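Order of the sequence lines fixes the chain letters, A, B, ..., with proteins taken first and strands second; residue numbering starts at 1 for each chain. These numbers come from a predicted model, not from an experiment.
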Amino acid sequence: MERGGVSIAGFIAIAFMLTMYVLLDGYDLGVAAVAPLIARSDRERAATMAGIGPFWNGNEVWLIAAAAALFALFPTAYASSFSGFYLPFMVVLWLLMFRGIALELRGHFPSEVWHQFWDAAFSGSSALLIFVFGVALGNLLRGVPLDAAGYFQGTFAFLLNPYALLVGLFALATLGVHGAAFAAMRIEGEIAARALRVVARGSWLVLILYLTVTALTLWMNAPLRASWLFAIPALSLIALAATWRSARVGRAREAFIMSSCFIATLLAASAGTIFPYLLPAFPARNRGISIFAAAPSETALACALSVTLIGIAGIAIYAPIVWRRMAGKVRVE
Amino acid sequence: MDPVLADRLQFAFTIMFHYLFPIGTMGLAPFVAAYTWKAARRRDEESARIAAFWTKIFAINFAAGVVSGIPMEFQFGTNWAAFSRSTGSVVGQPLAMEGLFAFFLESVFLGALLYRRRGLPSMFVAWAGVMVCVGAWLSGFFIVATNAWMQHPVGYRIAAGGTILLENIWLVLFSPFSYWQFAHALCGALLAGGFIVAGVGAYYLLSRRDETIGRRFVRAGTIVAFAFALIAIFPTGDRNGRIVTQYQPVKLAAEEGLFTTEREAPLAIIGMPDVARRRLIDPIFVPDILSFLSYGNYKANVNGLDAYARELWPPVELTYYAYHIMVGLGTIFAAAATIAVALLAFGRLWSARWMLWILMLLMPFPFIANEAGWVATEVGRQPWIVYGLMKTAAGGSPTVSSGETIFTLIGFAGMYFLLGVLFLYLVLREIGRGPSWSEAA
Ligand code: HDD
Ligand code: HEM
Ligand code: HEM
């Protein structure tokens with residue numbers, strides 16, 4: 001493979017892992033964020049957590065694997081972004097940790113007072129995580145100030161710009177809907193009905209934010225590189241409409257699948273927007289870290305791609321077997 | 001403060017905290033698998049309770065391991081940017097394998113193991129236990145292989161500009177450092193697992209409750225602890241010593257407190273290194289043994305610290321004490337486990353309450369030995385971050401100041417304090433309730 005092809009394959013592998021992360025961990029983060037809306041009593045909240053209990057850790061592994069793959073394939077980008085965004089990354093870490101503690105330990109405490117504490121911690125840290133991830137994506141789309149050596153030179157104040165904050169809200173709404181669709185599919189009774197209502201109403205909020213964010217993104221990146229990027233928003237809108245429609249007619253499974261499609265198109269569009277940069281610079285994008293500058297060695301790429309493919313093939317064999325055993329709806333007990 | 005020093009403190013603190021839990025995960029996983037398996041085969045009440053009991057403790061431990069593991073993966077990028085930039089093409093590979101091959105396996109099957117609702121077939125649960133064990137050991141292997149490469153870099157080439165590029169992944173994964181270090185670390189974990197199971201059983205016997213179950217625990221635990229206490233010394237500990245002698249002789253000299261090069265070098269069992277005067281204070285020596293242990297020959301020449309430039313010495317005191325704590329505790333474990341197994345074989349263990357006390361009180365020490373072993377390994381690697389290739393001082397993140405790192409170190413300390421207290425509270429409560437309570441839940 002020639003050099004450019006190697007880099008592009010690496011870019012696609014990482015984009016794929018991150019998409020898996022957002023689709024999968026996205027639903028359990030989303031369930032947590034909308035839990036206060038769909039689960040009213042202590043038992044209902046316990047059922048909501050039980051709905052994601054066996055899955056969340058495996059979902060989070062996609063983030064870990066994506067970080068490791070970025071490390072292996074584009075060390076320059078990994079090093080610059082992780083050290084450049086030092087404090088934001090630490091905030092993400094602490095939120096991830098806090099959320100894991102809340103989710104895993106809730107069940108071990110018999111008292112309802114403790115449950116309320118852990119529930120609030122769980123929903124709060126999950127919602128904040130989604131928001132922070134959204135802000136990060138916003139900044140990625142906008143570009144960040146980099147110095148000559150490719151290290152980030154900016155401040156918290158820079159990262160918290162209005163555009164990025166808006167993307168943060170958009171992420172919260174989108175994954176909230178996604179999570180609610182999962183909850184509707186996974187949990188029985190009253191909770192499922194409420195969750196479907198959240199999906200249907202939330203879709204409108206998502207639509208408004210989507211249109212605003214897309215308009216701003218196009219305006220910021222005026223000379224858009226590829227016209228195929230316009231095909232994607234059309235697909236996104238169809239998927240969003242289908243999500244809303246499925247929720248209205250009470251088909252939770254389809255709502256979840258459609259919301260997954262919606263998110264996948266969004267991420268494809270984002271990847272298309274920043275390509276070929278892993279970390280576009282602000283204000284001049286082309287000073288950023290591109291996949292060609294940060295190109296991996298062929299051996300490293302071949303190795304990482306084989307690992308990814310073999311790993312995914314293995315997961316595709318055993319995960320469905322296990323998950324099918326645990327399928328079926330969670331009951332409120 | 002020097003930013004790299006802050007990074008080192010943070011790394012040491014977070015990894016030492018994280019490692020406490022993998023010891024439990026890797027060491028208890030086979031017990032969980034075996035007990036779950038037995039419960040599936042025998043279908044009696046007692047076996048089911050035992051399986052449920054250890055699964056619950058395992059799950060609490062696993063959660064703490066996962067939570068404390070996530071920061072480790074990110075720290076290479078946040079705190080060691082220069083290191084990551086130049087070695088990512090190698091170091092990233094086993095880390096990616098760990099995620100895709102091991103963590104996923106572990107978490108998917110642990111989900112099944114913990115999913116107690118509405119009768120999953122019991123053989124399926126038993127298999128899930130086995131797979132969790134495989135996943136835990138695999139993740140240990142990949143991470144130790146990562147570390148082994150930093151101890152003894154192989155399978156790479158250096159590109160223009162000094163970047164280290166991957167040449168051969170098999171060399172990286174299966175260097176002698178990698179498999180001997182992994183075998184030894186796994187032994188350390190299994191030894192810890194054995195002593196935990198035995199110690200919990202001893203506690204029940206001493207408090208005269210759950211006695212049949214307590215005996216089962218003591219029996220299984222002491223046998224496992226005995227086997228792995230011996231294997232930790234020979235062959236795995238011995239082989240680790242030899243590869244260190246071969247590839248990192250300065251580290252060996254620091255671990256042994258050998259300041260001057262000697263033929264027929266003695267082994268210092270006790271003594272305090274005085275680095276300024278380059279000697280051991282109040283030492284007790286066994287003549288010739290160090291030469292023998294390092295080279296299999298009583299007359300061999302062993303290089304002391306004086307054979308190397310002062311800048312290439314690791315911090316001698318820390319390396320020396322950590323190493324001696326590990327070896328000292330290892331000897332004590334082997335002795336204690338041998339006596340316990342002998343008592344067991346002659347049917348005297350249940351009446352030997354002093355031995356049960358010892359087994360119970362020994363529980364925390366395998367953790368100390370494991371941590372001490374890593375401190376010797378890692379501190380002894382200094383001043384290199386990648387042995388012979390890259391200095392630790394050159395590995396930090398140019399854009400992260402020591403102020404930021406200290407701030408986050410305090411944050412981690414707070415978080416880990418909370419996690420540690422919750423962990424201890426929950427585990428001790430489960431042990432206090434005991435297996436007879438477990439079915440009820
Ligand atoms: C309960 C745990 C335990 C016990 C009883 C022992 N060890 Fe150990 N040792 C470890 C747990 C450990 C460890 C924490 O797992 C290390 C750190 C890195 C590694 O691979 O294993 C280690 C490292 C380690 C190293 C350093 C390897 C390096 O620098 O790369 C040596 C030379 C030994 N060990 C030798 C021994 C000997 C001679 C022992 C005889 C009593 C012994 N260990 C008992
Ligand atoms: C197996 C994977 C591991 C890797 C890749 C790794 C890597 C590193 C790195 C990058 C540093 C910082 C640079 C340095 O000071 O050398 C470090 C330091 C350190 N690590 Fe490890 N480590 C691993 C395992 C462990 C474990 C399991 C422990 C202990 C439980 C440990 C204990 C330490 C300590 C104490 C330091 C500080 C050394 C000093 O301050 O001089 N490491 N390690
Ligand atoms: C720098 C070194 C290390 C890194 C980057 C690291 C990373 C991680 C991560 C991200 C997790 C969570 C996985 C999940 O979400 O399921 C984890 C858990 C785990 N780690 Fe580490 N780790 C390190 C050191 C070690 C060492 C030295 C060992 C053992 C020899 C080890 C063994 C494990 C095991 C068995 C788990 C499973 C979960 C548990 O123990 O509770 N890790 N590690």
Side chain / backbone / both / neither for A:Phe55 at chain B, heavy atoms under 4.5 Å
neither
Residue, of A:Trp56, A:Phe109, A:Trp323, that accumulates the most heavy atom pairs under 4.5 Å with chain B:
A:Phe109
Pairs of heavy atoms under 4.5 Å with chain B: top-ranked of A:Leu70, A:Val307, A:Thr308, A:Thr299:
A:Val307
Please identify, among B:Ser89, B:Ser86, B:Ala59, B:Ala159, the residue contributing the most non-hydrogen atom pairs under 4.5 Å to chain A.
B:Ser89
When you compare the side chain of A:Glu104 with that of B:Val67, does any pair of heavy atoms fall below 4.5 Å?
no
Using every non-hydrogen atom in the two residues, find where A:Leu105 and B:Leu422 come nearest and quote the distance to one decimal.
CD1-CD1, 3.7 Å
Distance from A:Ile321 atom CD1 to B:Trp127 atom CH2, nearest 0.5 Å?
12.5 Å
Is it the case that more than 12 heavy atoms not belonging to B:Phe417 sit under 6.0 Å from its CZ atom?
no
If I compare all heavy atoms of B:Thr408 with all of A:Trp94, which pair ends up nearest, and what's the gap?
O-CZ2, 3.5 Å
Rounded to the nearest 0.5 Å, what separation is found between the CE atom of B:Met97 and the CD1 atom of A:Ile310?
8.5 Å
Select one option (side chain, backbone, both, neither) describing which atoms of B:Tyr156 are under 4.5 Å from chain A's heavy atoms.
neither
Contact summary for B:Ser107 and A:Asn57, nearest pair of heavy atoms:
CB-OD1, 2.9 Å
Under a 4.5 Å heavy-atom cut-off, does chain B meet the side chain of A:Ile101, its backbone, both or neither?
both
Part of A:Met90 lying under 4.5 Å from any heavy atom of chain B:
side chain
Top of B:Ser84, B:Ala82, B:Gly99 for chain A proximity - count of heavy-atom pairs under 4.5 angstrom:
B:Ser84
Check whether any side-chain heavy atom of A:Tyr86 sits under 4.5 Å from a side-chain heavy atom of B:Phe407, and report yes or no.
no
Identify which of B:Ile169, B:Leu105, B:Thr163 forms the greatest number of heavy-atom pairs closer than 4.5 Å to chain A.
B:Leu105
Below 4.5 Å, heavy-atom pairs only: which of B:Val108, B:Thr87, B:Leu110 has the largest tally toward chain A?
B:Val108
Closest heavy-atom pair and its distance - B:Ala112, A:Val322
CB-CG1, 3.8 Å
Where does B:Phe412 contact chain A at under 4.5 Å (heavy atoms): side chain, backbone, both or neither?
both
Indicate the ring-plane relationship of A:Tyr318 and B:Phe109, choosing parallel, tilted or perpendicular according to the 30° and 60° boundaries.
tilted
Closest non-hydrogen atoms of A:Ala65 and B:Leu100, given as atom of the first, atom of the second and distance, are CB-CG, 4.0 Å
Chain A: which of B:Thr405, B:Leu418, B:Leu419 shares the most heavy-atom pairs with it under 4.5 Å?
B:Thr405
Check whether any side-chain heavy atom of B:Phe101 lies under 4.5 Å from a side-chain heavy atom of A:Ile315, and answer yes or no.
no
Non-hydrogen atoms of chain B under 4.5 Å away: do they reach the side chain of A:Ser81, the backbone, both or neither?
neither
Contact summary for B:Leu166 and A:Cys303, nearest pair of heavy atoms
CD2-CB, 4.0 Å
Is it true that A:Phe82 and B:Phe76 have ring centroids separated by less than 6.0 Å?
no
For chain B, find which of A:Gly100, A:Ala67, A:Ala304 contributes the most heavy-atom pairs closer than 4.5 angstrom.
A:Ala304
